[in-house]
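First the proteins, then the strands, lettered A, B, ... as listed; each starts at 1. Note: hydrogens, waters and symmetry copies are ignored here, and every other heavy atom, side chains too, is used.
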Amino acid sequence: MTFDNNLHALWNSDKSGGNINIPHALEKLKSAKMPVDKVRRHLRYEFFMQLAAVIIIGFAPVTLKFNPLLIFPFYLLYFIFVLICGYFFTKLFLFYKNMSNTALTSKDNLYAVYYDIKLSIELYKAFTYCLVPFLVLFIGMIIVNEEKIPVDALFMQGAAISKSQAASVLLVLIGVILGLAVVTELYVNTRYGKYAKQVKRLLDEFREG
Amino acid sequence: MEQHKGIIHKISRMYMDTKDDQDDLAQEIILQLWKSYDNFRHQSSFSTWMYRVALNTALVFFRKDQQQPATTDAVPEIPADETSHTKELQLAHFYQAVQKLERLEKAIIFYHLENYSHREIAENLGITEGNARIKLNRAKTKLKALIQQQGYDF
(Lines give C-alpha, C1' and ligand atoms only; values in the text may rest on other atoms or scores of the structure.)
Protein backbone atom coordinates (compact mmCIF):
# COMPACT_ATOMS: atom_id res chain seq x y z
CA MET A 1 0.00 0.00 0.00
CA THR A 2 2.90 2.34 0.63
CA PHE A 3 3.93 1.99 -2.98
CA ASP A 4 0.48 3.18 -3.94
CA ASN A 5 0.56 6.14 -1.58
CA ASN A 6 4.02 7.16 -2.65
CA LEU A 7 2.93 6.94 -6.24
CA HIS A 8 -0.01 9.21 -5.59
CA ALA A 9 2.15 11.71 -3.76
CA LEU A 10 4.65 11.65 -6.58
CA TRP A 11 1.96 12.04 -9.19
CA ASN A 12 0.46 15.04 -7.48
CA SER A 13 3.86 16.61 -7.08
CA ASP A 14 4.42 16.61 -10.84
CA LYS A 15 3.75 20.19 -11.72
CA SER A 16 5.84 20.27 -14.85
CA GLY A 17 2.91 20.82 -17.18
CA GLY A 18 3.31 24.57 -17.23
CA ASN A 19 5.50 24.55 -20.28
CA ILE A 20 2.75 23.33 -22.57
CA ASN A 21 1.51 26.22 -24.59
CA ILE A 22 -1.91 26.05 -26.06
CA PRO A 23 -1.80 27.57 -29.52
CA HIS A 24 -4.38 30.23 -30.19
CA ALA A 25 -4.89 29.44 -33.85
CA LEU A 26 -6.40 26.04 -33.26
CA GLU A 27 -7.92 25.94 -36.73
CA LYS A 28 -4.44 25.73 -38.17
CA LEU A 29 -3.51 22.63 -36.23
CA LYS A 30 -3.38 19.56 -38.41
CA SER A 31 -4.05 16.14 -37.07
CA ALA A 32 -0.95 14.18 -37.85
CA LYS A 33 -0.96 10.76 -36.35
CA MET A 34 -4.47 9.60 -35.67
CA PRO A 35 -4.75 6.31 -37.54
CA VAL A 36 -8.10 7.02 -39.14
CA ASP A 37 -6.89 10.37 -40.39
CA LYS A 38 -3.74 8.80 -41.72
CA VAL A 39 -5.56 6.07 -43.60
CA ARG A 40 -8.05 8.49 -45.01
CA ARG A 41 -5.44 11.01 -46.06
CA HIS A 42 -3.50 8.35 -47.95
CA LEU A 43 -6.68 7.03 -49.52
CA ARG A 44 -7.70 10.47 -50.68
CA TYR A 45 -4.32 11.01 -52.22
CA GLU A 46 -4.60 7.77 -54.12
CA PHE A 47 -8.11 8.60 -55.07
CA PHE A 48 -6.93 11.78 -56.74
CA MET A 49 -4.37 9.81 -58.68
CA GLN A 50 -7.09 7.49 -59.89
CA LEU A 51 -9.29 10.43 -60.73
CA ALA A 52 -6.50 11.88 -62.86
CA ALA A 53 -6.25 8.54 -64.64
CA VAL A 54 -10.01 8.58 -65.25
CA ILE A 55 -9.80 12.01 -66.84
CA ILE A 56 -6.88 11.00 -69.02
CA ILE A 57 -8.79 7.93 -70.18
CA GLY A 58 -11.66 10.22 -71.14
CA PHE A 59 -9.45 11.89 -73.72
CA ALA A 60 -8.22 8.64 -75.22
CA PRO A 61 -10.64 8.71 -78.23
CA VAL A 62 -9.45 12.18 -79.16
CA THR A 63 -5.74 11.66 -78.74
CA LEU A 64 -5.74 8.21 -80.31
CA LYS A 65 -8.06 9.25 -83.18
CA PHE A 66 -10.66 6.61 -82.51
CA ASN A 67 -12.57 4.82 -85.21
CA PRO A 68 -15.94 6.66 -85.19
CA LEU A 69 -17.74 3.35 -84.68
CA LEU A 70 -15.95 2.90 -81.36
CA ILE A 71 -16.63 6.34 -79.98
CA PHE A 72 -20.22 5.79 -78.91
CA PRO A 73 -19.64 2.50 -77.05
CA PHE A 74 -16.54 3.98 -75.49
CA TYR A 75 -18.33 6.97 -74.05
CA LEU A 76 -21.30 4.89 -72.98
CA LEU A 77 -18.94 2.80 -70.89
CA TYR A 78 -17.11 5.87 -69.76
CA PHE A 79 -20.31 7.41 -68.49
CA ILE A 80 -21.06 4.39 -66.27
CA PHE A 81 -17.45 4.41 -65.17
CA VAL A 82 -17.68 8.05 -64.09
CA LEU A 83 -20.92 7.35 -62.22
CA ILE A 84 -19.21 4.62 -60.21
CA CYS A 85 -16.27 6.88 -59.45
CA GLY A 86 -18.70 9.57 -58.33
CA TYR A 87 -20.31 7.13 -55.91
CA PHE A 88 -17.05 6.28 -54.21
CA PHE A 89 -15.94 9.85 -54.31
CA THR A 90 -18.97 11.00 -52.31
CA LYS A 91 -18.53 8.09 -49.91
CA LEU A 92 -14.95 8.91 -49.13
CA PHE A 93 -15.32 12.65 -48.90
CA LEU A 94 -18.78 13.63 -47.79
CA PHE A 95 -19.90 10.65 -45.77
CA TYR A 96 -16.99 11.07 -43.41
CA LYS A 97 -17.14 14.80 -42.85
CA ASN A 98 -18.74 14.63 -39.45
CA MET A 99 -17.40 11.59 -37.77
CA SER A 100 -15.18 11.01 -34.74
CA ASN A 101 -16.64 11.49 -31.33
CA THR A 102 -13.71 11.01 -29.03
CA ALA A 103 -15.82 11.50 -25.91
CA LEU A 104 -17.17 7.94 -26.08
CA THR A 105 -15.91 5.38 -23.61
CA SER A 106 -12.47 4.24 -24.66
CA LYS A 107 -13.65 0.84 -25.78
CA ASP A 108 -16.50 2.21 -27.88
CA ASN A 109 -14.15 4.76 -29.33
CA LEU A 110 -11.68 2.06 -30.32
CA TYR A 111 -14.42 0.04 -31.96
CA ALA A 112 -15.47 3.13 -33.89
CA VAL A 113 -11.90 3.73 -34.99
CA TYR A 114 -11.45 0.11 -35.98
CA TYR A 115 -14.68 0.11 -37.91
CA ASP A 116 -13.76 3.32 -39.75
CA ILE A 117 -10.37 2.01 -40.76
CA LYS A 118 -11.83 -1.27 -41.97
CA LEU A 119 -14.61 0.47 -43.83
CA SER A 120 -12.22 2.86 -45.57
CA ILE A 121 -10.01 -0.02 -46.62
CA GLU A 122 -12.92 -2.05 -47.93
CA LEU A 123 -14.31 0.94 -49.78
CA TYR A 124 -10.98 1.44 -51.43
CA LYS A 125 -10.74 -2.21 -52.42
CA ALA A 126 -14.27 -2.25 -53.79
CA PHE A 127 -13.47 0.84 -55.82
CA THR A 128 -10.35 -0.71 -57.29
CA TYR A 129 -12.21 -3.89 -58.22
CA CYS A 130 -14.99 -1.89 -59.84
CA LEU A 131 -12.48 -0.27 -62.13
CA VAL A 132 -10.95 -3.51 -63.37
CA PRO A 133 -13.60 -4.61 -65.92
CA PHE A 134 -13.76 -1.11 -67.32
CA LEU A 135 -10.03 -0.91 -67.73
CA VAL A 136 -10.00 -4.29 -69.48
CA LEU A 137 -12.71 -3.10 -71.90
CA PHE A 138 -11.04 0.24 -72.48
CA ILE A 139 -7.71 -1.36 -73.20
CA GLY A 140 -9.46 -3.83 -75.51
CA MET A 141 -11.01 -0.95 -77.44
CA ILE A 142 -7.71 0.85 -77.67
CA ILE A 143 -6.04 -2.29 -79.03
CA VAL A 144 -8.81 -2.76 -81.61
CA ASN A 145 -8.38 0.84 -82.64
CA GLU A 146 -4.60 0.82 -82.76
CA GLU A 147 -4.40 -2.43 -84.69
CA LYS A 148 -6.93 -1.08 -87.18
CA ILE A 149 -9.13 -4.14 -86.76
CA PRO A 150 -12.39 -3.42 -88.62
CA VAL A 151 -15.08 -3.10 -85.99
CA ASP A 152 -17.89 -4.61 -88.06
CA ALA A 153 -15.68 -7.58 -88.89
CA LEU A 154 -15.12 -8.01 -85.18
CA PHE A 155 -18.81 -8.55 -84.62
CA MET A 156 -19.25 -10.73 -87.70
CA GLN A 157 -16.38 -12.98 -86.80
CA GLY A 158 -17.43 -13.06 -83.20
CA ALA A 159 -19.81 -15.89 -84.08
CA ALA A 160 -17.07 -17.79 -85.84
CA ILE A 161 -14.63 -17.76 -82.92
CA SER A 162 -13.37 -21.22 -82.06
CA LYS A 163 -13.74 -22.76 -78.61
CA SER A 164 -10.03 -22.81 -78.01
CA GLN A 165 -9.74 -19.14 -78.94
CA ALA A 166 -12.57 -18.25 -76.56
CA ALA A 167 -10.94 -20.32 -73.84
CA SER A 168 -7.59 -18.60 -74.25
CA VAL A 169 -9.19 -15.14 -74.13
CA LEU A 170 -11.01 -16.19 -70.98
CA LEU A 171 -7.84 -17.57 -69.41
CA VAL A 172 -5.93 -14.38 -70.09
CA LEU A 173 -8.76 -12.37 -68.56
CA ILE A 174 -8.90 -14.52 -65.45
CA GLY A 175 -5.13 -14.28 -65.14
CA VAL A 176 -5.20 -10.49 -65.37
CA ILE A 177 -8.03 -10.13 -62.85
CA LEU A 178 -6.48 -12.57 -60.37
CA GLY A 179 -3.14 -10.85 -60.70
CA LEU A 180 -4.70 -7.46 -60.04
CA ALA A 181 -6.63 -8.85 -57.08
CA VAL A 182 -3.49 -10.28 -55.49
CA VAL A 183 -1.57 -7.05 -56.03
CA THR A 184 -4.40 -4.97 -54.58
CA GLU A 185 -4.80 -7.15 -51.50
CA LEU A 186 -1.09 -7.23 -50.82
CA TYR A 187 -0.73 -3.52 -51.37
CA VAL A 188 -3.66 -2.56 -49.17
CA ASN A 189 -2.59 -4.95 -46.43
CA THR A 190 0.97 -3.75 -46.22
CA ARG A 191 0.08 -0.12 -46.54
CA TYR A 192 -3.08 0.17 -44.45
CA GLY A 193 -3.49 -3.15 -42.71
CA LYS A 194 -1.00 -2.20 -40.02
CA TYR A 195 -3.28 0.50 -38.65
CA ALA A 196 -6.15 -1.92 -38.35
CA LYS A 197 -3.83 -4.41 -36.66
CA GLN A 198 -2.59 -1.88 -34.13
CA VAL A 199 -6.11 -0.97 -33.10
CA LYS A 200 -7.14 -4.62 -33.03
CA ARG A 201 -4.29 -5.37 -30.64
CA LEU A 202 -5.43 -2.55 -28.40
CA LEU A 203 -8.97 -3.85 -28.40
CA ASP A 204 -7.70 -7.25 -27.36
CA GLU A 205 -6.15 -5.62 -24.30
CA PHE A 206 -9.65 -4.58 -23.23
CA ARG A 207 -10.79 -8.19 -23.07
CA GLU A 208 -11.80 -9.70 -19.79
CA GLY A 209 -9.19 -11.59 -17.83
CA MET B 1 -8.39 24.18 -20.74
CA GLU B 2 -5.60 26.31 -19.35
CA GLN B 3 -6.02 25.04 -15.82
CA HIS B 4 -5.96 21.40 -16.94
CA LYS B 5 -2.89 21.54 -19.10
CA GLY B 6 -0.85 19.69 -16.51
CA ILE B 7 -3.01 16.68 -17.35
CA ILE B 8 -2.18 16.91 -21.03
CA HIS B 9 1.47 17.00 -20.14
CA LYS B 10 1.21 14.00 -17.83
CA ILE B 11 -0.66 11.90 -20.36
CA SER B 12 1.80 12.81 -23.11
CA ARG B 13 4.67 11.85 -20.88
CA MET B 14 3.06 8.53 -20.01
CA TYR B 15 2.44 7.56 -23.62
CA MET B 16 5.50 8.85 -25.45
CA ASP B 17 9.13 8.58 -24.45
CA THR B 18 10.87 11.25 -26.50
CA LYS B 19 10.32 14.95 -26.10
CA ASP B 20 9.32 15.41 -29.75
CA ASP B 21 6.70 12.70 -29.60
CA GLN B 22 5.36 14.07 -26.33
CA ASP B 23 4.95 17.49 -27.89
CA ASP B 24 3.21 16.01 -30.91
CA LEU B 25 0.83 14.06 -28.72
CA ALA B 26 0.07 17.10 -26.58
CA GLN B 27 -0.76 19.04 -29.74
CA GLU B 28 -2.96 16.26 -30.99
CA ILE B 29 -4.82 16.08 -27.68
CA ILE B 30 -5.44 19.82 -27.75
CA LEU B 31 -6.70 19.56 -31.29
CA GLN B 32 -9.02 16.66 -30.48
CA LEU B 33 -10.34 18.47 -27.41
CA TRP B 34 -11.07 21.49 -29.53
CA LYS B 35 -12.69 19.43 -32.29
CA SER B 36 -14.94 17.47 -29.97
CA TYR B 37 -15.92 20.30 -27.69
CA ASP B 38 -19.35 20.24 -29.32
CA ASN B 39 -19.84 16.81 -27.81
CA PHE B 40 -19.32 18.09 -24.32
CA ARG B 41 -22.90 18.42 -23.18
CA HIS B 42 -22.35 19.16 -19.55
CA GLN B 43 -23.86 15.87 -18.49
CA SER B 44 -20.49 15.03 -17.05
CA SER B 45 -17.91 17.19 -15.38
CA PHE B 46 -15.44 18.95 -17.61
CA SER B 47 -12.50 16.98 -16.29
CA THR B 48 -14.19 13.62 -16.92
CA TRP B 49 -14.92 14.61 -20.48
CA MET B 50 -11.43 15.94 -20.96
CA TYR B 51 -9.75 12.82 -19.57
CA ARG B 52 -11.75 10.68 -21.92
CA VAL B 53 -10.92 12.63 -25.03
CA ALA B 54 -7.28 12.96 -24.05
CA LEU B 55 -6.86 9.26 -23.29
CA ASN B 56 -8.79 8.17 -26.35
CA THR B 57 -6.42 10.26 -28.40
CA ALA B 58 -3.36 8.91 -26.64
CA LEU B 59 -4.53 5.31 -27.00
CA VAL B 60 -4.50 5.41 -30.79
CA PHE B 61 -1.59 7.77 -31.20
CA PHE B 62 1.12 5.83 -32.98
CA ARG B 63 4.48 7.25 -33.79
CA LYS B 64 5.52 7.78 -37.40
CA ASP B 65 7.76 4.81 -37.85
CA GLN B 66 6.48 1.58 -36.46
CA GLN B 67 9.63 0.61 -34.65
CA GLN B 68 9.30 -0.49 -31.12
CA PRO B 69 10.04 2.33 -28.71
CA ALA B 70 13.74 2.38 -28.04
CA THR B 71 13.40 2.43 -24.30
CA THR B 72 16.79 2.40 -22.74
CA ASP B 73 17.39 0.62 -19.50
CA ALA B 74 19.83 3.28 -18.45
CA VAL B 75 18.80 5.26 -15.43
CA PRO B 76 17.73 8.73 -16.50
CA GLU B 77 20.51 11.19 -16.00
CA ILE B 78 19.34 13.75 -13.55
CA PRO B 79 21.69 15.21 -11.01
CA ALA B 80 20.49 13.93 -7.66
CA ASP B 81 22.37 16.35 -5.48
CA GLU B 82 19.52 18.14 -3.75
CA THR B 83 16.32 16.92 -2.19
CA SER B 84 14.26 18.72 -4.82
CA HIS B 85 16.04 16.57 -7.34
CA THR B 86 15.00 13.36 -5.64
CA LYS B 87 11.47 14.11 -6.72
CA GLU B 88 12.69 14.66 -10.25
CA LEU B 89 14.57 11.41 -10.17
CA GLN B 90 11.56 9.57 -8.82
CA LEU B 91 9.38 11.05 -11.52
CA ALA B 92 11.87 10.16 -14.21
CA HIS B 93 11.92 6.58 -12.91
CA PHE B 94 8.17 6.48 -12.76
CA TYR B 95 7.68 7.69 -16.34
CA GLN B 96 10.40 5.43 -17.62
CA ALA B 97 8.74 2.41 -16.08
CA VAL B 98 5.34 3.50 -17.32
CA GLN B 99 6.69 3.46 -20.90
CA LYS B 100 6.92 -0.30 -20.69
CA LEU B 101 3.28 -0.81 -19.76
CA GLU B 102 0.61 -1.64 -22.32
CA ARG B 103 -1.46 1.23 -23.60
CA LEU B 104 -4.56 0.21 -21.69
CA GLU B 105 -2.56 -0.26 -18.49
CA LYS B 106 -1.28 3.28 -18.82
CA ALA B 107 -4.83 4.58 -19.05
CA ILE B 108 -5.86 2.59 -15.97
CA ILE B 109 -2.88 3.80 -13.97
CA PHE B 110 -3.66 7.35 -15.02
CA TYR B 111 -7.25 7.16 -13.82
CA HIS B 112 -6.13 5.50 -10.62
CA LEU B 113 -3.64 8.26 -9.91
CA GLU B 114 -6.37 10.80 -10.56
CA ASN B 115 -8.28 9.12 -7.71
CA TYR B 116 -10.92 7.41 -9.84
CA SER B 117 -12.65 4.46 -8.23
CA HIS B 118 -12.78 1.05 -9.89
CA ARG B 119 -16.30 1.75 -10.98
CA GLU B 120 -15.42 5.10 -12.51
CA ILE B 121 -12.42 3.65 -14.30
CA ALA B 122 -14.64 0.92 -15.69
CA GLU B 123 -17.28 3.40 -16.82
CA ASN B 124 -14.82 5.60 -18.63
CA LEU B 125 -13.01 2.80 -20.37
CA GLY B 126 -16.09 0.77 -21.22
CA ILE B 127 -15.09 -2.37 -19.35
CA THR B 128 -16.60 -4.12 -16.34
CA GLU B 129 -15.75 -3.12 -12.82
CA GLY B 130 -14.20 -6.49 -12.03
CA ASN B 131 -12.09 -6.30 -15.11
CA ALA B 132 -10.92 -2.82 -14.14
CA ARG B 133 -9.95 -4.04 -10.66
CA ILE B 134 -7.99 -7.00 -12.00
CA LYS B 135 -6.26 -4.94 -14.63
CA LEU B 136 -5.39 -2.16 -12.20
CA ASN B 137 -3.85 -4.56 -9.70
CA ARG B 138 -1.91 -6.25 -12.43
CA ALA B 139 -0.67 -2.93 -13.81
CA LYS B 140 0.39 -1.75 -10.35
CA THR B 141 2.32 -4.93 -9.66
CA LYS B 142 3.97 -4.69 -13.03
CA LEU B 143 4.85 -1.06 -12.51
CA LYS B 144 6.36 -1.76 -9.12
CA ALA B 145 8.44 -4.58 -10.53
CA LEU B 146 9.60 -2.40 -13.39
CA ILE B 147 10.70 0.37 -11.07
CA GLN B 148 12.56 -2.12 -8.92
CA GLN B 149 14.21 -3.53 -12.02
CA GLN B 150 15.53 -0.07 -12.70
CA GLY B 151 17.23 -0.32 -9.34
CA TYR B 152 14.89 2.00 -7.57
CA ASP B 153 12.21 1.69 -4.96
CA PHE B 154 9.66 3.91 -3.40
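- Using a 4.5 Å cut-off between heavy atoms, B/L143 touches chain A through backbone and side chain atoms alike.
- Within the model, atoms CG of A/N109 and CG of B/L125 stand 11.0 Å from one another, a figure rounded to the nearest 0.5 Å.
- Here the CD-CZ distance, from A/Q198 to B/R103, works out to 7.0 Å after rounding to the nearest 0.5 Å.
- Few gaps surround OH on A/Y129; more than 12 heavy atoms of other groups in view lie less than 6.0 Å from it.
- For the atom pair CG (A/L110) and CG (B/L104), the distance works out to 9.0 Å, reported to the nearest 0.5 Å.
- Neither the backbone nor the side chain of B/Q22 comes within less than 4.5 Å of any heavy atom in chain A.
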- Task: Give the intermediate values and the outcome of salt bridge (charged side-chain N to carboxylate O under 4.0 Å, His left out) for residues A/E205 and B/K106.
- Result: CA-CA 12 Å; A/E205 280 179 36; B/K106 292 179 187 178; over 6 Å; no
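- Considering only heavy atoms from C-beta on, B/E114 comes within 4.5 Å of A/W11 through its side chain.
- Between A/S106 and B/N124, every side-chain heavy-atom pair lies at or beyond the 4.5 Å cut-off.
- The most heavy-atom pairs under 4.5 Å with chain A, out of B/H112, B/E123, B/E105, come from B/H112.
- For the pair A/R201 and B/E102, the minimum side-chain heavy-atom distance is below 4.5 Å.
- Atom OG1 in A/T105 sits 9.5 Å away from atom CD1 in B/I127 (nearest 0.5 Å).
- Using a distance-only test at 3.5 Å, with no hydrogens or angles considered, a donor-acceptor pair links the side chain of B/N131 to the main chain of A/F206.
- Taking the ring-ring contact (aromatic ring centres under 6.0 Å, His included) definition, one finds that A/Y114 meets it with nothing, sequence neighbours left out.
- A 6.0 Å sphere centred on NZ of A/K118 holds no more than 12 heavy atoms belonging to other residues, nucleotides or ligands.
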